[in-house]
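Notes for the one structure printed next.
Note that the structure is a prediction, hence the values are computed from the model and not measured. The chains referred to below are lettered A, B, ... by the order of the sequence lines, with proteins before strands, and numbering in each begins at 1.
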2 protein chains.
Amino acid sequence: MEKSQKKYRIGVEVTLDVIGGKWKSIILYHLVGGTKRFNELKRLTPNISHKMLAQQLKELEHDGVVLRHDYVEVPPKVEYELSEYGQELIGVLDFFCYWGEAHLDRVYGDKRLMLEGEFLDDQEAQKEAD
Amino acid sequence: MEKSQKKYRIGVEVTLDVIGGKWKSIILYHLVGGTKRFNELKRLTPNISHKMLAQQLKELEHDGVVLRHDYVEVPPKVEYELSEYGQELIGVLDFFCYWGEAHLDRVYGDKRLMLEGEFLDDQEAQKEAD
DNA sequence: CTGCATCCCCGATGATACTG
DNA sequence: CAGTATCATCGGGGATGCAG
């Protein structure tokens, strides 16, 4: 089924297709902070594969929420930013961030958020524990 | 990895775990309209399997955004509703609905939303087209 | 540096059947 | 009516390699 042919029953479904999934909201959230290059986004989003980042950005661009600027030069330089239209989502992304932190507080009593360095180490630790 | 042990880097990830995925936001959206019984939700969410609905509701309950009321009787009667805490999400769900419809307008020029009857038929038509 | 194709695996999901 | 368990499948997504 072509995505352009896909039908929906309620708007909620549509929005989920655009900003849902494992990575899109995280990518968009980083773009709220301003224009970013491909590898910059990759660094900001630990554990995302090169393939997935490229794929998700392509979909976000296709959906018009992200703009892609290709400085045609060697080595390649490409920048991504929120489109004017995509900026309508900033409010939601901020709310997600705020609500998510509050949720951890309510459920676990701590924020359970990690610094960059901790996180990478933690990934290893969790593999050990398997 | 136990979910209770999972670590996050930004609140956005947390919120996605709670209301993201293929079904949760849709289920929550229906609950905005008021308390619903299990089969009622199943009817409101075409194509969801019995198993998935049960599973997603269980997770939503565990995360504290949905309350489960079991009228201990035969035949069983169980109702679900948004918790006070879950009601903080109503604003976002409404925005999703609004933004999603607007998105279809902007991208395709029509709403591409279907009535209940149409939708079921359409599912068949799309299978044919494969 | 960025993008695309290929291979492959695992986990999410659906179908089905059974219980209270 | 609501919930659980089992099994089979399908596709998302990771790893890798190559191209511009």
Side-chain angles (χ1 to χ4, degrees), chain A residues 1-3 6 13 16-27 30-31 35-63 66-81 120 123-124 126-127 130, chain B residues 1-3 6 13 16-27 30-31 35-63 66-81 120 123-124 126-127 130:
Chain A
M1 164 186 350
E2 279 215 4
K3 191 163 188 176
K6 187 168 180 181
E13 295 177 85
L16 283 178
D17 263 12
V18 177
I19 69 170
K22 194 174 178 181
W23 303 112
K24 286 181 180 174
S25 291
I26 299 176
I27 296 171
H30 289 313
L31 289 178
T35 297
K36 298 279 183 302
R37 294 186 59 172
F38 185 90
N39 269 349
E40 210 170 346
L41 283 173
K42 182 143 171 33
R43 257 179 286 111
L44 287 170
T45 315
N47 300 333
I48 195 173
S49 66
H50 181 102
K51 176 191 170 185
M52 285 313 293
L53 180 56
Q55 181 179 309
Q56 303 293 295
L57 282 171
K58 205 171 178 180
E59 292 180 19
L60 289 170
E61 187 198 356
H62 177 267
D63 282 325
V66 160
L67 297 177
R68 178 177 182 275
H69 300 288
D70 189 341
Y71 299 77
V72 187
E73 51 183 50
V74 179
K77 176 181 176 184
V78 180
E79 288 186 338
Y80 294 89
E81 67 171 333
L120 294 174
Q123 294 301 301
E124 297 307 311
Q126 285 174 357
K127 283 184 181 176
D130 291 343
Chain B
M1 166 190 346
E2 280 214 5
K3 190 162 190 176
K6 187 167 178 181
E13 294 177 87
L16 283 178
D17 262 11
V18 178
I19 69 170
K22 194 174 178 181
W23 303 112
K24 286 181 179 174
S25 290
I26 299 176
I27 296 169
H30 290 312
L31 289 177
T35 297
K36 298 278 184 301
R37 295 186 58 170
F38 185 91
N39 271 346
E40 209 170 347
L41 283 172
K42 182 141 168 37
R43 257 179 286 111
L44 288 170
T45 316
N47 301 332
I48 196 173
S49 66
H50 183 101
K51 175 190 170 186
M52 285 311 294
L53 180 56
Q55 182 180 309
Q56 302 293 297
L57 282 170
K58 205 170 178 180
E59 291 181 20
L60 289 170
E61 188 198 356
H62 177 266
D63 282 326
V66 161
L67 297 177
R68 179 177 181 275
H69 300 288
D70 190 340
Y71 299 76
V72 187
E73 53 182 50
V74 179
K77 176 179 174 182
V78 181
E79 289 186 336
Y80 294 90
E81 67 171 333
L120 295 174
Q123 295 301 302
E124 296 307 311
Q126 285 174 358
K127 283 184 180 175
D130 290 343

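Nucleotides of DNA chain C with any atom under 4.0 Å from a heavy atom of chain B span, from 5' to 3', C:dT13 to C:dG20.
Side-chain N/O atoms of A:Lys22 include one lying less than 4.0 angstrom from OP1 or OP2 on D:dG14. Regarding contacts with the backbone of D:dT4, a side-chain N or O of B:Lys58 is found under 4.0 angstrom from either OP1 or OP2. Phosphate proximity of D:dA2 to B:Arg68: absent, as no side-chain N or O sits under 4.0 Å from OP1 or OP2.
Not less than 6.0 angstrom separates the ring centroid of A:Tyr80 from the ring centroid of A:His69.
Taking every side-chain heavy atom of B:Phe38 into account, D:dA2 is the closest of D:dA2, D:dG14, D:dC7.
Rounding to whole angstrom units, NE2 of residue B:His50 and C1' of D:dG3 are separated by 6 Å. Atom CD of B:Gln55 and atom C1' of D:dA2 are 15 Å apart (whole Å). For A:Lys51 and D:dG12, the NZ to P distance is 9 Å, given to the nearest whole Å. Atom C1' of nucleotide D:dG12 and atom CH2 of A:Trp23 are separated by 12 Å, given to the nearest angstrom. If you take CD1 of A:Ile48 and P of D:dG12, they are 15 Å apart, rounded to a whole angstrom. The interatomic distance linking A:Leu53 (CG) with D:dA15 (P) rounds to 14 Å, in whole Å. The CG atom of B:Asp70 sits 10 Å away from the C1' atom of D:dG3 (whole-angstrom rounding).
Take the nearest nucleotide of DNA chain D for A:Ser49 and for A:Pro76: the residue whose nucleotide is more 5' is A:Ser49. For the pair A:Leu57 and B:Pro75, nearest-nucleotide mapping onto DNA chain C gives the more 5' position to A:Leu57.
Remark: side-chain polar atoms of A:Lys77 are not paired, donor with acceptor, to backbone N or O of A:Asp70 under 3.5 angstrom. In this structure, A:Ser49 contributes its side chain and A:Met52 its backbone to a donor-acceptor pair below 3.5 Å.
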Just do the salt bridge (Lys or Arg N to Asp or Glu O under 4.0 Å) check on B:Arg68 and B:Glu79 with the steps written out, would you? CA-CA 6 Å; B:Arg68 179 177 181 275; B:Glu79 289 186 336; over 6 Å; no
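For the pair B:Glu13/A:Ile26, a side-chain contact is recorded, criterion being any heavy-atom separation below 4.5 Å from C-beta on.
Nearest heavy-atom pair, B:Leu57 versus B:Phe38, reported as atom, atom and distance to 0.1 Å: CD1-CD1, 3.9 Å.
Nucleic acid contact class of B:Tyr80 (heavy atoms, under 4.0 Å, all strands): sugar-phosphate only.
Within 6.0 Å of atom NZ in B:Lys58, 12 or fewer heavy atoms from other residues, nucleotides or ligands are found, so the atom counts as exposed in its surroundings.
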